[in-house]
There are 2 protein chains.
Amino acid sequence: MLSKKTKYGLKALTFIATRESDLPVQVSVIAKSEQIPQKFLESILLTLRKSGILGSKKGKHGGYYLRMEPLDIKMTDVMRVLEGPIAMVPCVSLNYYEKCDDCPDEHKCSVHKLMIEVRDSTLKVFRNTTLADLSNTNG
Amino acid sequence: MLSKKTKYGLKALTFIATRESDLPVQVSVIAKSEQIPQKFLESILLTLRKSGILGSKKGKHGGYYLRMEPLDIKMTDVMRVLEGPIAMVPCVSLNYYEKCDDCPDEHKCSVHKLMIEVRDSTLKVFRNTTLADLSNTNG
DNA sequence: TATTAATCCTATCAATTTAATAGGAATTAC
DNA sequence: GTAATTCCTATTAAATTGATAGGATTAATA
């Protein structure tokens with residue numbers, strides 16, 4: 001299941017990307033429009049900012065803005081920040097590889113191969129999708 | 001993340017498929033060989049039996065066996081039984097469709113389209129993979 | 001400079017899900 | 001009748017997720 005964190009994050013990014021103006025957008029505005037608990041959204045946007053996808057401006061008239069054009073924000077990056085590794089098992093993760101604790105030999109593991117295929121096919125989708133694609137409502 | 005339930009289930013199925021004999025395999029044998037907690041595995045194999053993928057024989061010399069040839073056991077079916085819906089959000093699930101509780105209009109939802117693509121690409125993998133593929137260790 | 005409005009940060013909590021365990025009932029082979 | 005097995009239900013412990021709380025920090029502006 002996709003976590004609410006990721007779902008909310010994607011919706012918020014889409015919301016920001018769809019704005020005409022370049023002015024920072026307040027959390028409260030996004031929360032109200034997208035019906036997301038504000039405090040929860042705050043923490044999500046903070047994560048996105050720390051990862052470099054969003055920038056922020058503090059104080060009055062502050063808020064969040066995109067650091068790049070929507071066309072240059074790939075889903076691979078967004079999903080990794082919000083949802084974590086794309087692979088379903090650590091032993092096939094490209095960016096967060098770890099030996100599975102319950103698996104003596106991953107080369108003999110029947111699950112391993114299958115999960116590599118799933119990872120690759122999912123990666124293909126995320127690599128070919130940018131925030132601009134999400135924002136395009138005529139889809 | 002892939003649940004342990006699914007991982008254990010796939011390993012157990014592979015174990016059974018790889019046996020030469022058609023005799024039922026005891027839970028204890030699989031548990032020991034694959035290093036899976038026996039009681040946990042018991043409940044997993046029970047689920048697989050109830051779903052029709054495995055058959056069982058009770059009593060002495062009892063155990064579990066495949067109801068079909070490995071080549072005819074598709075990952076779509078196995079994954080749905082063990083892991084649940086393949087879609088990451090209920091609103092794009094083919095077999096378990098539900099409206100997302102936090103989404104007023106899924107046609108305007110930017111996440112929806114992305115999740116359809118992910119679903120389709122994952123489905124493609126699972127539809128093209130059978131238990132026979134998992135069992136083939138020369139892969 | 002004081003006020004207001006915003007992000008930033010840390011801690012906590014409640015609910016859910018997952019992983020595992022326990023104990024025994026039912027069934028079957030021998 | 002005994003031993004070995006699946007079957008069933010209930011319980012528990014740990015981890016994760018979703019959400020909340022409270023206040024520190026920063027910046028605009030009157």
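The figures that follow rest on heavy atoms only: side chains count, while hydrogens, waters and symmetry mates do not. All chains are named by letter (A, B, ...) in the order of the sequence lines, taking the proteins before the strands, and each is independently numbered beginning at 1.
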N/O (side chain, B/K50) to phosphate O (OP1/OP2, D/dC8) under 4.0 Å = yes
Can you find a pair of side-chain heavy atoms, one from A/T76 and one from A/T129, that are under 4.5 Å apart?
-> no
Quick check: does any side chain N or O of B/T18 sit under 3.5 Å from a backbone N or O of B/T14, one acting as donor and the other as acceptor?
-> yes
Between B/M75 and B/T130, is any pair of side-chain heavy atoms under 4.5 Å apart?
-> no
B/L23 CG to D/dT6 P: how many Å, rounded?
-> 14 Å
Positional range of nucleotides in DNA chain C within the contact set of chain A, heavy-atom, under 4.0 Å | C/dT4 to C/dC9
d(NZ, A/K7; P, D/dT17) in whole Å = 16 Å
Taken in chain and number order and not counting sequence neighbours, the residues that satisfy ring-ring contact (aromatic ring centres under 6.0 Å, His included) with B/Y8 are B/F40
DNA chain C-proximal residues of residues 28-41 of chain B, any heavy atom under 4.0 Å = B/P37, B/K39, B/F40
State whether a side-chain donor-acceptor pair under 3.5 Å links B/S3 with B/E83.
-> yes
Spell out, as yes or no, whether a donor-acceptor pair under 3.5 Å connects the side chain of B/S93 to the backbone of B/V89.
-> no
Could you state the NZ-C1' distance from A/K5 to D/dA19, rounded to the nearest angstrom?
-> 13 Å
Please tell me which of the listed nucleotides, D/dG18, D/dT6, D/dA19, lies nearest to the side chain of A/Y8?
-> D/dA19
In whole angstrom, what separates A/Q26's CD from D/dA27's P?
-> 16 Å
Check: A/S28/A/Q38 side-chain N/O donor and acceptor closer than 3.5 Å = no
